[in-house]
Amino acid sequence: MVRAPYSIFMNDTPTDLPSLQLPLKTRRLTIREYTDDDWSIVYAYVKDEAFWKYQAGETPTEEKVKALIQWAVREQKIAPRINYYLAVTETKSGNVIGEAVIKVAPPGHGQGEIGFGIVPSLWRKGYATEVARALIDVGFTTLKLNRIAAQCAPENKASIRVMQKLGMAREGLLREHYRAGGKYWSSVIYALLAREHEKIKTNTSR
Ligand SMILES: CC(C)(COP(=O)(O)OP(=O)(O)OC[C@H]1O[C@@H](n2cnc3c(N)ncnc32)[C@H](O)[C@@H]1OP(=O)(O)O)[C@@H](O)C(=O)NCCC(=O)NCCS
């Protein structure tokens, strides 16, 4: 479908978008802003090939990780803020154990996207579920989103399971829609609507 040229007006970013109050606290985790010094901790886990098994691209270099963290820090000062790339830390130890992403896109249309990654040595402890649940809660309550989506490779069973556990519905499969590392990648898309989230919250609080 080709959109009418009026759709260019959809790209305007409203100036009154709500923003997140950080850090976010969950039962075991603190989700906080990155600082420039965090790059080496991030590099330590993203250089693990296991982390990239179901993600496009190749293991990033030190320079790329430094640039990513510098970008995340710059985004902290942008208003209205639409990109939150955050550090996941274990509250007890203070250690960085992963990353959390929430993005308002496109701004002004109630749409958001989340992402998450956990240090491979700490997989299967429920951390990603805890992170994703926190992102979804603040996405609907603080950022006032209407729909929150997440996507991953169809083979990424752990990521799909996290999305299912949060009540997100599978909306579809984008077949071979981008190219990275010399091959085409497909993505499954899951999403949750604000009214579905309300229903889940009501049912679980009974
Ligand atoms: C995807 C990822 C974040 C999951 O992290 P995690 O902390 O291990 O996830 P959780 O412990 O919360 O587990 C969630 C569910 O997935 C299941 N699961 C975990 N690994 C699995 C695997 N390899 N295969 C199938 N199910 C798996 C868990 O058993 C759990 O389900 P259950 O409660 O019904 O038992 C982690 O594998 C990761 O960081 N991968 C690399 C980055 C990535 O792919 N991110 C997602 C793309 S946005």
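Start at 1 and go down the list; that is how both ligands and their atoms are numbered.
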(request) Using heavy-atom distances, let me know which of Ala100, Gly126, Ala150 sits nearest atom 11 (O) of ligand 1. (result) Gly126

(message) Taking distance alone, with N or O pairs closer than 3.5 Å, would you say Gln151 contacts ligand 1?
(response) no

(message) Would Leu122 count as a polar contact of ligand 1, with the cut-off being nitrogen or oxygen pairs under 3.5 Å?
(response) no

(request) Give a yes-or-no answer on whether the side chains of Ser187 and His177 include a donor-acceptor pair shorter than 3.5 Å. (result) yes

(message) Would you say that Gln164 contacts Tyr190 through its side chain, given a criterion of any heavy-atom pair below 4.5 Å between the two side chains?
(response) yes

(message) Is the shortest side-chain heavy-atom distance between Leu22 and Arg32 below 4.5 Å?
(response) no

(message) As a check for students: among Ile160, Thr129, Asn156, identify the option with a heavy atom nearest to atom 14 (C) of ligand 1.
(response) Thr129

(request) Would you mind finding which of Gln164, Arg124, Lys157 brings a heavy atom closest to atom 23 (N) of ligand 1? (result) Arg124

(request) Would you mind running through ligand 1 and noting each atom that sits below 4.0 Å from a heavy atom of Ser159? (result) 1 (C), 46 (C), 47 (C)

(message) Which of the numbered atoms in ligand 1 are under 4.0 angstrom from any heavy atom belonging to Gly117?
(response) 39 (O)

(request) Enumerate the atoms of ligand 1 whose separation from the nearest heavy atom of Phe51 is less than 4.0 angstrom. (result) 39 (O), 41 (C), 42 (C)

(message) Would you say Glu90 and Tyr127 are linked by a side-chain donor-acceptor pair, where the criterion is simply a distance under 3.5 Å?
(response) yes

(request) Under 4.0 Å from a heavy atom of Val162: give me the atoms of ligand 1 that qualify, with their elements. (result) 14 (C)

(request) Between Lys53, Lys125, Gln55, flag the one that comes closest to atom 42 (C) of ligand 1 by a heavy atom. (result) Gln55

(request) Output the list of atoms in ligand 1 that are nearer than 4.0 Å to some heavy atom of Lys165, sorted by atom number. (result) 31 (O), 32 (P), 33 (O)

(message) For the 3.5 Å polar cut-off, considering only N or O atoms, please tell me whether Ala128 and ligand 1 meet it.
(response) yes

(message) My understanding is that we take every heavy atom of each candidate and find the minimum distance to atom 36 (C) of ligand 1. Doing that for Tyr54, Trp123, Phe116, Tyr45, which one comes out nearest?
(response) Trp123

(request) Could you tell me whether Lys183 sits above the aromatic face of Trp185, with NZ or CZ closer than 6.0 angstrom to the six-membered ring centre and within 45 degrees of the axis? (result) yes

(message) Quick one, Val101 and Leu86 - any side-chain contact, counting heavy atoms below 4.5 Å?
(response) no

(message) Would you say His197 and Asp137 are linked by a side-chain donor-acceptor pair, where the criterion is simply a distance under 3.5 Å?
(response) yes

(request) Identify, for atom 20 (N) of ligand 1, the protein heavy atom at the shortest distance, and state residue, atom and that distance. (result) Ala158 CB, 3.2 Å

(message) Starting from atom 39 (O) of ligand 1, what is the nearest protein heavy atom, named by residue and atom, and what distance separates them?
(response) Ile118 N, 2.8 Å

(request) Starting from the C-alpha separation in whole Å, work towards a yes-or-no answer on side chain to side chain donor-acceptor pair (under 3.5 Å) for Glu130 and Thr26. (result) CA-CA 7 Å; Glu130 205 166 312; Thr26 67; 2.7 Å; yes

(request) Go through the side-chain N and O atoms of Tyr85 and Glu75 and say whether any donor and acceptor fall under 3.5 Å apart. (result) no

(request) Could you tell me the residue and atom name of the protein heavy atom closest to atom 34 (O) of ligand 1, and the distance to it rounded to 0.1 Å? (result) Arg161 NE, 2.9 Å

(request) Give me the ring orientation class for Phe51 and Tyr45: parallel if the planes are under 30° apart, tilted from 30 to 60°, perpendicular past 60°. (result) perpendicular

